[in-house]
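Side-chain atoms are counted along with the backbone in the values below, which use heavy atoms only and exclude waters and symmetry mates.
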Amino acid sequence: MTAQLKERENALKQEAQREMAAAQQDLLEHSPDAYRQHFSFGIVYVEKARSSFATAELLRQADAAMYQQKRQYKEQLPLQ
């Protein structure tokens with residue numbers, strides 16, 4: 001992968017993460033205090049040249065990204 005393509009991938013991932021974080025914040029602001037709601041997501045970037053990925057492989061990568069995001073979220077929670 002070229003440096004330019006990697007830079008584009010990172011920019012797209014960051015943009016998607018910002019959008020998802022905003023959606024999650026909106027969910028928190030509009031949910032009852034008794035229910036702390038959140039969601040996890042996995043972002044996968046597919047190069048146009050490699051668009052022949054199998055669906056199972058895309059889902060595997062998205063699941064891995066989602067579980068990484070879940071771990072990061074849990075690490076940020078205050079201890080109760």
Side-chain angles (χ1 to χ4, degrees):
M1 182 182 294
T2 67
Q4 184 179 13
L5 190 56
K6 188 68 173 170
E7 186 176 309
R8 175 77 173 138
E9 175 186 356
N10 288 336
L12 289 171
K13 281 185 179 180
Q14 288 175 359
E15 181 180 342
Q17 288 171 339
R18 281 191 300 272
E19 291 293 325
M20 296 301 281
Q24 193 163 34
Q25 184 62 36
D26 190 50
L27 176 67
L28 289 172
E29 289 174 3
H30 294 93
S31 63
D33 290 337
Y35 301 100
R36 180 161 175 89
Q37 300 177 16
H38 69 277
F39 59 89
S40 299
F41 54 92
I43 299 171
V44 178
Y45 179 80
V46 179
E47 296 176 49
K48 191 174 184 177
R50 296 190 66 199
S51 61
S52 62
F53 267 102
T55 303
E57 177 61 17
L58 288 174
L59 289 174
R60 187 195 66 72
Q61 289 182 19
D63 279 349
M66 179 189 68
Y67 284 111
Q68 179 182 7
Q69 194 260 345
K70 282 171 108 35
R71 283 189 299 277
Q72 290 171 346
Y73 175 78
K74 286 181 181 180
E75 289 171 1
Q76 294 173 4
L77 292 176
L79 295 176
Q80 297 181 2

With sequence neighbours left out, what residues match Q25 under side chain to side chain contact (heavy atoms under 4.5 Å, CB included)? L28, E29

Output a table of donor-acceptor pairs, distance under 3.5 Å, between side-chain atoms of residues 58-68 and any protein atom two or more places apart or on a different chain; print 'none' if there are none.
| residue | atom | partner | partner atom | Å |
| --- | --- | --- | --- | --- |
| R60 | NE | E57 | OE1 | 3.2 |
| R60 | NH2 | E57 | OE2 | 2.8 |
| Q61 | NE2 | E57 | OE2 | 2.9 |

With sequence neighbours excluded, give me every salt bridge (charged side-chain N to carboxylate O under 4.0 Å, His left out) pair touching residues 15-25. none

Just how far is it from atom CG of N10 to atom CD of Q17, taken to the nearest 0.5 Å? 9.5 Å

